[in-house]
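The structure appears right after this line, and notes come after that.
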Amino acid sequence: PLRIAVFASGSGSNFEAIAEAVKAERLDASIELLVCDRPEAKVVERVREAGVPVHLFRPKDYPDREAYEREILEQLRAKGVELVVLAGYMRILTNVLVDAFWGRMINIHPSLLPSFPGLHAVRQALEHGVKVTGITVHLVDGGLDSGPILAQRALDIRPKDTEETLGERIHPLEHELYPQVIQDIAAGRIDLERYTNTKPKDGIHS
Ligand code: GAR
């Protein structure tokens with residue numbers, strides 16, 4: 001199995017979808033670690049139920065982002081993690097993790113990137129008035145929701161959609177696509193090797 005770590009800050013519904021796919025043997029991976037920067041987040045309850053080891057931390061206990069990322073990196077190495085999966089981890093990463101895991105770290109975002117990066121992507125799409133939106137899985141570089149795109153799914157926006165109703169249709173799409181993409185990586189159908197010998201782009205926000 002592909003050894004993965006999941007990073008999450010919030011409700012953890014994507015973490016759960018991945019854990020369920022592993023359990024159902026649709027995904028040939030083992031979740032070695034969950035990393036969470038908000039010890040009060042709902043994902044922490046879910047992860048305890050799933051019996052996955054957790055690394056919880058509070059960013060303000062560290063002098064800078066590099067300091068807590070170095071600690072995380074040590075754990076990822078100790079556990080032999082091969083792929084880092086960001087699932088609602090709401091922090092920009094520094095070069096400590098980006099460089100160490102370039103080509104081996106993915107993120108999911110609730111818009112058709114490069115449209116609407118950052119916070120509240122669903123709201124941004126509604127405010128802009130686009131008629132089609134979707135979700136994107138991409139490799140993580142030093143930017144905000146940037147990096148080479150690996151997979152996308154589109155969905156129509158309905159005239160009466162609100163942030164809530166649209167979010168309710170986006171979440172199930174994410175839960176279906178993300179485990180599939182991880183399985184495609186595990187099975188070699190998505191080849192990440194061609195990225196690992198290039199260099200990540202520095203993001204404007206890093
Ligand atoms: C997901 O919709 C994910 O796409 C988004 O956070 C949500 C986490 O939900 N990520 C981003 O916006 C990244 N910029 P979850 O905690 O229920 O998995």
Side-chain angles (χ1 to χ4, degrees), residues 4-24 26-27 31 34-50 52 54 56-60 84-93 105-141 143-184 203-205:
I4 68 173
V6 179
F7 287 29
S9 308
S11 107
S13 70
N14 279 285
F15 163 79
E16 191 155 291
I18 294 163
E20 275 171 13
V22 169
K23 204 165 153 200
R26 276 181 282 122
L27 172 54
I31 309 177
L34 178 102
V35 173
C36 178
D37 60 331
R38 287 183 50 231
E40 68 287 359
K42 182 161 178 213
V43 67
V44 178
E45 285 162 44
R46 297 198 207 241
V47 80
R48 297 234 152 94
E49 281 159 26
V52 168
V54 194
L56 293 178
F57 70 101
R58 291 186 193 278
K60 63 177 170 48
V84 170
V85 175
L86 306 186
Y89 184 69
M90 303 310 269
R91 287 181 179 278
I92 306 264
L93 299 175
M105 175 153 52
I106 60 177
N107 181 42
I108 191 161
H109 183 76
S111 75
L112 289 176
L113 290 171
S115 290
F116 315 125
L119 291 176
H120 310 303
V122 176
R123 191 188 305 168
Q124 291 185 56
L126 284 169
E127 281 172 356
H128 200 93
V130 293
K131 305 303 174 207
V132 176
T133 188
I135 59 175
T136 302
V137 177
H138 63 93
L139 284 181
V140 175
D141 64 9
L144 177 65
D145 298 314
S146 58
I149 290 172
L150 301 176
Q152 291 184 308
R153 291 288 180 274
L155 132 149
D156 287 339
I157 294 186
R158 298 173 185 157
K160 287 195 176 148
D161 263 329
T162 61
E163 193 175 356
E164 198 186 340
T165 61
L166 185 53
E168 277 166 11
R169 296 208 307 292
I170 283 193
H171 266 106
L173 269 189
E174 293 190 325
H175 300 162
E176 190 184 315
L177 180 64
Y178 216 7
Q180 273 175 20
V181 168
I182 300 166
Q183 178 57 23
D184 284 345
I204 40 169
H205 296 268

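What you see is a predicted model; the values in this text were computed from it and never measured.
Between the CG atom of N107 and the CZ atom of F7 there is a distance of 11.5 Å, given to the nearest 0.5 Å. A distance of 11.0 Å separates OG1 of T165 from NZ of K160, quoted to the nearest 0.5 Å. Atom CZ of R58 sits about 9.5 Å away from atom SG of C36, to the nearest 0.5 Å. In this structure, NE2 on H138 lies 9.0 Å from CD1 on I108, to the nearest 0.5 angstrom.
The salt bridge (Lys or Arg N to Asp or Glu O under 4.0 Å) check on R169 picks up D161, with sequence neighbours excluded. In this view, E45 satisfies the side chain to side chain donor-acceptor pair (under 3.5 Å) rule with no residue, not counting sequence neighbours.
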- Check the pair S111, Q124 against side-chain contact (heavy atoms from CB on, under 4.5 Å), reporting the backbone distance first and the verdict last. CA-CA 9 Å; S111 75; Q124 291 185 56; over 6 Å; no

- Could you walk me through whether R26 and E176 pass the salt bridge (charged side-chain N to carboxylate O under 4.0 Å, His left out) check? CA-CA 11 Å; R26 276 181 282 122; E176 190 184 315; over 6 Å; no

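Between the side chain of H175 and the backbone N or O of E16 there is no donor-acceptor pair closer than 3.5 Å.
R158 CZ: 12 or fewer foreign heavy atoms inside a 6.0 Å radius. Within 6.0 Å of CD on E40 lie more than 12 heavy atoms contributed by other residues, nucleotides or ligands.
Of the listed residues (V137, L93, D145), just one forms a side chain to side chain contact (heavy atoms under 4.5 Å, CB included) with L86, and that residue is L93. For the side chain to side chain contact (heavy atoms under 4.5 Å, CB included) with Y178, the lone residue among L173, V6, I106 that qualifies is I106.
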